[in-house]
> 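I'd like to ask some things about the structure below.
No hydrogens, no waters, no symmetry mates; every other heavy atom, side chains included, goes into these values. Quantities reported herein were computed from a predicted structural model and do not represent experimental measurements. Chain identifiers are assigned alphabetically (A, B, ...) following the order of the sequence lines, protein sequences preceding nucleic acid strands; residue numbering begins at 1 within each chain.
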Amino acid sequence: MSQPKEIPKNYDPIEVEERWMNTWKKEDYYFDRHSKKPQFVIDTPPPYPTGNFHIGNAFNWCYIDFIARYKRMCGYNVMFPQGWDCHGLPTEVKVEELNGITKNDVPREEFRKMCRELTLSNIEKMRKTMWRCGFSNDWSNEYITMMPEYYKKTQLSFLRMYKMGDIYQSEHPVNFCTRCGTAIAFAEVSYEDRTTKLNYFDFDGLEIATTRPELLAACVAVAVHPDDERYTSLKGKTLKVPLFGHSVKIITDEAVDPSFGSGAVMICTFGDKQDVHWWKQHKLDLRKAIDMTGRMTSIAGKYQGMTSTECREAILADMKSQGILKRQVPLDQHVGTCWRCKTPIEILSERQWFVKVHNDEILEKARQISWTPEHMRSRLENWAQQMEWDWCISRQRIFATPIPVWFCKKCGEVILPDEADLPVDPTVDKPKHACPKCGGNEFVGETDVLDTWMDSSISVLNVTGWDGSKVPDLFPAQIRPQGHDIIRTWAFYTILRANALTGGKPWEQILVNGMVLGDDGFKMSKSRGNVIVPEEVLSKHGADAFRQWSASGAATGQDIVFSWNDITAGARFQTKMWNICRFAMMQLEKGGPESDKAEVLADRWLMHRLSQVEKDVTGFMNVYNFDGAIRVIREFARDIFADNYIELVKGRLYSDGAGRASALYALRTTIDALCRMLAPFTPFFAEECYTILTGGKSVHKQSWVDFDYVDKLALDEGDLVVKVVSEIRRYKHDAGMALNAPLGHVVVYTPFEINDGGDCASAINANVEFKCEKPKLTRAVSDVKFNFGVIGPKLRKQASGYMNAIKALPEDQILNPPKTVKVDGAEIEVIADSFEPVYSFSVEGEKVEVLTLSEDVIVTVHKN
RNA sequence: GGACCUAUGGUCUAGCCGGUCAUGACGUCGCCUUUACACGGCGAAGAUCGUGAGUUCGAAUCUCACUGGGUCCA
């Protein structure tokens, strides 16, 4: 450790942070598997390796790091692992873009390799930013979901759940891009505004409006609103589909908008999401009219083989010639398109793999977890309760965990690999045994791959050491920190999977942080131009200022607006704190005896205050209220320590009297405690100060502050002294005097003896005398102060009447209240402690200024 | 369209299991080169706590409606 000889006058966060960044060892944060300390395992969210650790990640990680560092100081064996959730479409697209290819241009394995390489270089970039932020990740427990040692666990979990009957295959509608030939997730659908034609035609005597006449062959029902009087007579009847001739039922559903089109709508499998919903709800038939290449199927009869666009024209032409097409009106609509190629998506029904969702078990586990903030749990509960169908886990992609399954060519049996042979890629590897059902030896590997959430939803099992043999020793983790945007995905799926594979809840607690919004209050987006990248903040003000913003920007769980103001405030606090440390160090290094306890009033007062602050901060940390913690620390450091205390003891520190030793003790104790309390928030800054204070010790190896000091007398007397000083300052300010201008003779009349060791006198540069007596001043009652907390509950409606009656009393009765007062003609008992007089004072004899601090503390100033 | 959250001085924010003059920061203004700090100190101005109604002696705080914002989902 390097200890600067001269403490620099200015604090340079960039220089200091980069120095410590290069000094600290990653090993210092490793989880110790043989430790006897209580474990604290964090199920860190594995980000998607885009190459940019964005500001929302950074904010989330600040929270995690505050916890990790705090818990370490509290004596826990902390694991703060770092994972990477690699698989998914964005990387596939990026690789295609960078290499100018499409994924089908190169062999499957070649394409995967390109994705892996890009991902690794992205991860490396993000690691650098994280280390620069001062995050104390345990890099010995890093995991990368695309690596064999991880995805073999994903595959193992698949096999286990398949064998348990929780995973099955079924046909289900999915979003499909017929150009790319793959199912895509809702997240991958982009919407475009287009103008199309709404076609009104005669549907067996009923007028129907549709934008998709080409789907007529897939029509399975006609729906009307149940209250639509035009169609009451048609309920339960069947109609003949024009051109095709099959019969469909007329059903009623609240979701039909009677004002749209003719108020009757044809349901096809599938024109849009609403069709899927109706199809499911009314258990309708399935008629597939479009295949995976976007062409019409055999049920389209003479239109078979046409593209859907060709089919539309042909059908409209036939309708016209048969005279059933009534009219066409232009219609603006949102069209779901493939976000890559802009082809309108089709909803097709295909064989998919599903995970069974046991809502009740998930709800039960969610209730066993402690949620911060509490209300976030209801999001998961609402979601779980309204789940309509199971979780579709298959994807038609390349860069993902392969579904470890083959099919027997002869009998179609599903063939599973032995668990010991994992990981497998069924498109490359072959089963080691013949088909157990028919003895067949030819197989087809499953080409579908797993949804990325299948990887990341076992992050907690991975970090706690799951290998399928038993519930891991470290399971469950202590905490899951994450954003509220992924409660319905990551949190939900993790609870589901942990429950399926271990029967337990994944974590004891979940801490949900808000989203980072741009400084204009909107979600950050490129199109708005309000994106702030962490690197910009780090290079301007450093990591500690950024971390303070994370802690103080908003209450836990609230969305947080990015604000350069708050970053500046953080940087300024560091400057202030730095100067406090410099001042203290200058005094400490001057030498001289240093006491081992606080002896003088102001020192005892400070120790009592410090002890209270420590209790407050610890309380806040334990409930993850970081903004409360940092607020209390900052207020104490600025107001109590710097502005009140240090100003008060300067006189003692500059002299060699006995009071100096006690003040040095107080300075050292307070700086030490502040460094420790700041260590989780501003690790670089706290380290720098602590090193200087202790001659080379690391604050991050220290235990959390446990400072117990109660001195109620010192608190009251000290508060009084501080108040006298600030009143005198205000007085000087109002009188146009410099604050250190000499001020003759000041007498403080108090109800108790005060010995401040001369601090007050030196702080206000006056001859100060404390007198435990009442001043000989004439006193008059000028007002009455009521105690609403006493009056309200006792008198309820009579409260205001009572107060008016008290105010109306003559002065002597306010000082010596009568038993009762008259309110609205009734006698009401005067309540003890319900009010107190407010006095004003007038001068007696000598010409002095009078400052009234409170009822029984009077200060007189005798100017010379 | 649904669920949840949110609205406080110019800007951001604390308080929100009801109680006396609503917290702090940044900004603004005035005074002060006080031997840690002018990236400072002292002081001031600035908010009828989104709108409307209700409960209550008393509401920023509780209830309802409305409006704007956010997130997730349909």
> With a 3.5 Å cut-off and heavy atoms only, can you find an N or O donor on one side and an acceptor on the other between the side chain of A:Glu647 and the base of B:A36?
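Such a pair exists between side chain and base.
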
> Rounded to the nearest angstrom, tell me the gap between atom CD in A:Glu381 and atom P in B:C5.
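Value for this atom pair: 12 Å.
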
> Base, sugar-phosphate, or nothing: which does A:Arg730 touch, judged by heavy atoms less than 4.0 Å apart?
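If one applies the 4.0 Å heavy-atom cut-off, A:Arg730 turns out to touch the sugar-phosphate alone, with no base involved.
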
> Checking all strands, does A:Ala584 fall into the base, sugar-phosphate, or nothing category for heavy-atom contacts under 4.0 angstrom?
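No contact.
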
> Looking at A:Lys540 and A:Glu536, is there a salt bridge between them, counting it only when a charged N and a carboxylate O are closer than 4.0 Å?
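So A:Glu536 pairs with A:Lys540 through a salt bridge.
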
> Which dot-bracket string fits RNA chain B when only Watson-Crick or G-U wobble pairs with both atom distances under 3.5 Å count, crossing pairs get [ ], and | stands for a partner on a different strand?
(((((((..(((......[....))).(((((.......))))).....(((((..]....)))))))))))).

> What's A:His733 touching, base or sugar-phosphate or nothing? Going by heavy atoms closer than 4.0 Å.
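The answer is base, as A:His733 lies within the cut-off (heavy atoms under 4.0 Å) of a base atom.
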
> Quick check: any donor-acceptor pair below 3.5 Å linking the side-chain of A:Arg488 to the base of B:C73?
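Between B:C73 and A:Arg488, which were checked side chain against base, a qualifying N/O pair under 3.5 Å is absent.
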
> Using whole Å, report how far CZ of A:Phe59 lies from P of B:U71.
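That distance rounds to 14 Å.
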
> Quick check on RNA chain B: between A:Ala799 and A:Met376, whose nearest nucleotide comes earlier from the 5' end?
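Looking at the nearest nucleotide for each, A:Met376 comes out on the 5' side.
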
> Which nucleotide in the list B:A36, B:C42, B:C39 gets nearest to the side chain of A:Arg729?
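Selected nucleotide (nearest to the side chain): B:C42.
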
> At under 4.0 Å between heavy atoms, what does A:Lys523 touch on the DNA or RNA strands: base, sugar-phosphate, or nothing?
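It contacts sugar-phosphate atoms only.
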
> Return the value, rounded to whole Å, for the distance between atom NZ of A:Lys732 and atom C1' of B:G41.
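Nearest whole value for this atom pair: 13 Å.
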
> What heavy-atom pair brings A:Asp643 and A:Lys576 nearest, and what distance separates the two atoms?
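Heavy atoms only, the tightest pair is OD1-NZ, 4.1 Å.
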
> Think A:Lys9 has a side-chain N or O under 4.0 angstrom from the OP1 or OP2 of B:A36?
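No, because none of the side-chain N or O atoms of A:Lys9 sits under 4.0 Å from OP1 or OP2 of B:A36.
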
> With no hydrogens and no angle check, do the side chains of A:Tyr63 and A:Thr556 hold a donor and an acceptor under 3.5 Å apart?
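The answer is no; no qualifying pair exists.
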
> Both A:Gln558 and A:Asp566 contact RNA chain B. Taking the nearest nucleotide for each, which residue is further toward the 5' end?
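Residue closer to the 5' terminus by nearest nucleotide: A:Gln558.
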
> Across the strands shown, which category fits A:Asp519 at heavy-atom distances under 4.0 angstrom: base, sugar-phosphate, nothing?
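No contact at all - A:Asp519 keeps every heavy atom at 4.0 Å or more from the nucleic acid.
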
> Using the P atoms only, state how far B:U28 lies from B:U35, rounded to an integer number of Å.
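That atom pair is separated by 25 Å.
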
> What interatomic distance, in whole Å, is found between P of B:G52 and the corresponding atom of B:A59?
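Going atom to atom, P in each nucleotide, I get 15 Å.
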
> Please give, in whole Å, the distance from B:G58 P to A:Phe788 CZ?
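In whole Å, B:G58 P and A:Phe788 CZ are 12 Å from each other.
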
> Hey, does A:Trp578 reach any base, or is it just sugar-phosphate, or nothing, if we go heavy atoms under 4.0 Å?
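Answer is nothing: A:Trp578 stays at 4.0 Å or more from every strand.
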
> Using the P atom in both, what is the distance from B:U6 to B:G50, to the nearest Å?
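It works out to 13 Å between them.
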
> Does the distance from a Lys or Arg side-chain N to an Asp or Glu carboxylate O, for A:Arg631 and A:Asp627, drop under 4.0 Å?
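Salt bridge present between A:Arg631 and A:Asp627.
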
> Over all strands shown, is A:Asn765 touching base, sugar-phosphate only, or nothing at heavy-atom distances under 4.0 angstrom?
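The residue A:Asn765 makes no contact with any strand.
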
> Establish whether the base of B:C12 is bridged to the side chain of A:Ser563 by a donor-acceptor pair shorter than 3.5 Å.
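Answer no: no donor N or O sits under 3.5 Å from an acceptor.
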
> Which listed nucleotide (B:A36, B:C5, B:C73) is nearest to the side chain of A:Phe583?
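Nearest to the side chain of A:Phe583 among the choices is B:A36.
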
> Sticking with atom P, work out how far B:A36 lies from B:C49, rounded to a whole angstrom.
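My reading of the P atoms in B:A36 and B:C49 gives 45 Å.
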
> Provide the distance between the two C1' atoms, one in B:U23 and one in B:U8, to the nearest whole Å.
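Their C1' atoms lie roughly 11 Å apart.
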
> Whole angstrom is fine here: how far is it from CD1 in A:Ile630 over to P in B:C12?
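Roughly 22 Å, once rounded to whole Å.
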
> Report the nucleotide, chosen from B:U13, B:U71, B:C5, that has the shortest atom-to-atom distance to any side-chain atom of A:Met515.
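Selected nucleotide: B:U71.
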
> Going by modelled atom types, is there a donor-acceptor pair between the base of B:C39 and the side chain of A:Arg572 at under 3.5 Å?
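Between B:C39 and A:Arg572, which were checked side chain against base, a qualifying N/O pair under 3.5 Å is absent.
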
> At 4.0 Å (heavy atoms only), tell me whether A:Ile580 reaches a base, stays on the sugar-phosphate, or touches nothing.
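A:Ile580: base contact, heavy atoms under 4.0 Å.
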
> Establish, from distance only, whether the side-chain atoms of A:His282 and A:Asp253 form a donor-acceptor pair under 3.5 Å.
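Their side chains do contain a donor-acceptor pair, which is all the 3.5 Å distance test asks for.
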
> Which value, in whole Å, describes the distance between the C1' atoms of nucleotides B:A14 and B:C32?
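Taking atom C1' in both B:A14 and B:C32, they lie 31 Å apart.
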
> Is the closest side-chain donor-acceptor distance between A:Asp603 and A:Tyr645 under 3.5 Å?
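Side-chain D/A pair, A:Asp603 to A:Tyr645: present.
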
> Is A:Thr568 touching bases, backbone alone, or none of the nucleic acid, heavy atoms closer than 4.0 Å?
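It contacts nothing in the nucleic acid.
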
> Using a 4.0 Å heavy-atom cut-off across all strands, classify A:Gly557 as base, sugar-phosphate, or nothing.
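The residue A:Gly557 makes no contact with any strand.
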
> Between P on B:U71 and CG on A:Asp485, what's the gap in Å once rounded to a whole number?
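Going from CG in A:Asp485 over to P in B:U71 covers 10 Å.
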
> Would you kindly give the NE2-to-P distance between A:His484 and B:C4, to the nearest whole Å?
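About 14 Å, once rounded to whole Å.
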
> Write down the distance separating the C1' atoms in B:U63 and B:U55, rounded off to the nearest Å.
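It works out to 7 Å between them.
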
> With heavy atoms under 4.0 Å as the rule, sort A:Arg796 into base, sugar-phosphate or nothing.
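Here A:Arg796 touches the bases of the nucleic acid.
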
> Got a salt bridge between A:Arg367 and A:Glu381, using NZ or NE/NH1/NH2 to carboxylate O under 4.0 Å?
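Yes.
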
> Working to the nearest 0.5 Å, report the span between CG of A:Asn579 and CE of A:Met585.
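The CE atom of A:Met585 is 14.0 Å from CG of A:Asn579, to the nearest 0.5 Å.
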
> Answer yes when A:Arg609 and A:Asp616 have at least one side-chain N-carboxylate O distance shorter than 4.0 Å, and no when they do not.
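A salt bridge is absent here (no side-chain N lies under 4.0 Å from a carboxylate O).
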
> For the residue pair A:Ser834 and A:Phe786, establish whether any side-chain heavy-atom pair is separated by less than 4.5 Å.
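A:Ser834 does not reach A:Phe786 side chain to side chain.
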
> With C1' as the reference atom in both, quote the distance from B:A53 to B:G10 in angstrom, rounded to an integer.
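These two C1' atoms come out 31 Å apart once rounded.
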
> Output the rounded distance in Å from CG (A:Leu380) to P (B:G2).
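After rounding, the reported distance stands at 21 Å.
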
> Please confirm whether the shortest side-chain N or O distance from A:Tyr654 to OP1 or OP2 of B:A36 is below 4.0 Å.
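So the side chain of A:Tyr654 is within the cut-off, an N or O lying under 4.0 Å from OP1 or OP2 of B:A36.
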
> Under 4.0 Å between a side-chain nitrogen and a carboxylate oxygen: does that hold for A:Arg379 and A:Asp485?
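Judged by the 4.0 Å cut-off on N to carboxylate O distance, A:Arg379 and A:Asp485 do not form a salt bridge.
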
